[in-house]
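Shown next, in structure tokens, is the structure this report addresses.
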Number of protein chains: 2
Amino acid sequence: MVQIENGRTRILDSAAAVLCKRGLAGAKLSDIARMAGMLAPSIYHHFPSKDHLVEEVMMEGIYRNSRHIVTKVEVLGAEAPPLVRLRAAIQAHINFLLTGDNYSSAVARVFDDLPSEMKGRVLAAYSSFDNYWRDLIVAAQAAGGVNRSLDATVVRKFLIAMLDSSPSWYRPGKLGPAQIAEQAADFVLYGFVGREA
Amino acid sequence: MVQIENGRTRILDSAAAVLCKRGLAGAKLSDIARMAGMLAPSIYHHFPSKDHLVEEVMMEGIYRNSRHIVTKVEVLGAEAPPLVRLRAAIQAHINFLLTGDNYSSAVARVFDDLPSEMKGRVLAAYSSFDNYWRDLIVAAQAAGGVNRSLDATVVRKFLIAMLDSSPSWYRPGKLGPAQIAEQAADFVLYGFVGREA
DNA sequence: GTCTATAATCAGATAGAC
DNA sequence: GTCTATCTGATTATAGAC
């Protein structure tokens, strides 16, 4: 039996979609409501304010993205080579963003614009995800076979910024999400020059 | 004789600073005016609207960034190996962003949020800069010694997103702009694995 | 749970004095 | 060229009917 999504969920879905399309300031409650099949004041029956709604989208986006990536990595097992696990994480991240998870794309799009108090809470929720990436990178460095002169934090920041940019420029075309994901992994691991110099 | 900057220039400088700190919607005319030592309505003596002011910051940012990078690359000469030229461009871009050019950082920060008509004009102005990067990448691919399976457009998008993210997370610390710039170049060219695998 | 008003707020923009 | 005072418009949010 198909469970029809309730009003609250429809609002969250709409908010995620509008946030990643228009940004934080551009996401008007009237747009979110219309996409959810209602009018703006109805939102207040489900959420106390726009900020609360946005924050819930952020938290959900972090949770979904994190769960997706961890699942794809951990299926490989802890004994899998660190670079194989890192590659899986990169591909999972791109695939998730480009295959239409509006929640995770919304986080990538509006995080920088969040009001500072909310940003603090969202960042705290983000930290375990961030640590997961850090661990993947540090494990690879510890295992050897990588460029140890690169700073793990710098690598992580560059890597995530790069991956998170993909929804802003990706358009369905000759390269699909899976191909972009593979290119991302090759680029991150071996660079523009590649394995055979 | 020192030329004191005039009101118009002070406003542009303030706007660039506030835009990269607060984003487009967060950049209030009253904040911009205050930093320029005046009150909000005074801005209208110099600019017809906030949009016109923002657009001028964007155009100036693109011009400055582009001029800086082209200068640093062309000093090497057209005969310099393409990878050397690409490395110089990467380092110049990071150095320029992190050494405090608010105009170029403002472009990186607010471009996605610009109203669509303005975005079109800014994108047109950006295209010659974008083409310059594309040419650097394509020249390197044509010269050989790089991973040809990577799509030039995908590489360019990832590369610029990565570099443009740096102002959002960089804080003066153990690694300075020059070190980050070098790490960026190594990472882009040889990847996380690096030259000696 | 959604609607029709309507209030409250805030930021961009204008008028006109100085 | 900058100010004070004010207007306008857009958007969040509330009140209360259905």
Side-chain angles (χ1 to χ4, degrees), chain A residues 2-58 106 109-110 112-119 121-122, chain B residues 2-58 106 109-110 112-119 121-122:
Chain A
V2 178
Q3 169 73 35
I4 300 299
E5 57 184 3
N6 63 20
R8 189 184 158 81
T9 304
R10 286 205 321 274
I11 293 167
L12 281 165
D13 287 349
S14 305
V18 176
L19 281 169
C20 55
K21 190 168 172 94
R22 313 259 183 227
L24 181 60
K28 289 173 281 194
L29 289 180
S30 55
D31 295 336
I32 293 169
R34 180 154 25 81
M35 181 175 288
M38 58 183 70
L39 291 169
S42 303
I43 290 176
Y44 289 88
H45 181 74
H46 304 276
F47 300 90
S49 72
K50 176 177 175 176
D51 275 9
H52 281 80
L53 169 57
V54 169
E55 187 164 336
E56 199 160 324
V57 171
M58 295 296 103
R109 174 76 204 275
V110 311
D112 282 345
D113 295 331
L114 296 177
S116 63
E117 336 76 54
M118 194 198 303
K119 200 188 305 200
R121 289 188 297 273
V122 173
Chain B
V2 178
Q3 168 72 36
I4 301 298
E5 56 183 2
N6 61 20
R8 187 184 159 84
T9 303
R10 286 205 321 275
I11 292 168
L12 282 166
D13 287 348
S14 305
V18 177
L19 281 168
C20 53
K21 189 166 172 93
R22 312 257 185 230
L24 181 60
K28 289 176 279 196
L29 289 180
S30 54
D31 295 336
I32 294 169
R34 180 155 26 82
M35 180 175 290
M38 58 183 73
L39 292 168
S42 304
I43 290 177
Y44 289 90
H45 180 74
H46 303 276
F47 299 91
S49 73
K50 176 177 176 177
D51 275 9
H52 281 81
L53 169 56
V54 169
E55 187 163 337
E56 199 159 325
V57 171
M58 295 296 104
R109 174 77 203 271
V110 310
D112 282 346
D113 295 331
L114 296 176
S116 63
E117 337 74 53
M118 194 198 302
K119 200 186 311 199
R121 289 188 298 271
V122 173

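Everything numeric here is computed off the predicted structure, so don't read it as measured data.
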Is there side-chain contact between [X] and [Y], with at least one heavy-atom pair below 4.5 Å?
X: B:Arg8; Y: B:Glu56; answer: yes
X: B:Val110; Y: B:Met58; answer: yes
X: B:Glu117; Y: B:Arg121; answer: yes
X: B:Pro115; Y: B:Leu24; answer: yes
X: B:Met38; Y: B:Ile11; answer: yes

In whole angstroms, how far is the [atom2] atom of [N] from the [atom1] atom of [X]?
X: A:His45; N: C:dT4; atom1: NE2; atom2: C1'; result: 17 Å
X: B:Ile43; N: C:dG12; atom1: CD1; atom2: P; result: 9 Å
X: A:Glu5; N: C:dG1; atom1: CD; atom2: P; result: 14 Å
X: B:Arg34; N: D:dT2; atom1: CZ; atom2: C1'; result: 17 Å

Shortest non-hydrogen contact from A:Leu19 to A:Val57?
CD1-CG1, 4.0 Å

Heavy-atom closest contact (A:Lys21 atom, A:Arg109 atom, distance)
O-NH1, 3.4 Å

Grab the N/O contacts between the protein and nucleotides 6-9 of chain C below 3.5 Å, and write none if there aren't any.
none

Could you tell me which residues satisfy side-chain hydrogen bond (donor to acceptor under 3.5 Å, both in side chains) with B:Thr9, sequence neighbours excluded, listed by chain and number?
B:Asn6

Within the 4.0 Å limit for protein heavy atoms, which parts of nucleotides 3-18 of chain D are touched? Write it as a string from 5' to 3', B for base, S for sugar-phosphate only, - for none.
BBB-----SSBB----

Any side-chain N or O of A:Arg10 under 4.0 Å from OP1/OP2 of C:dG1?
no

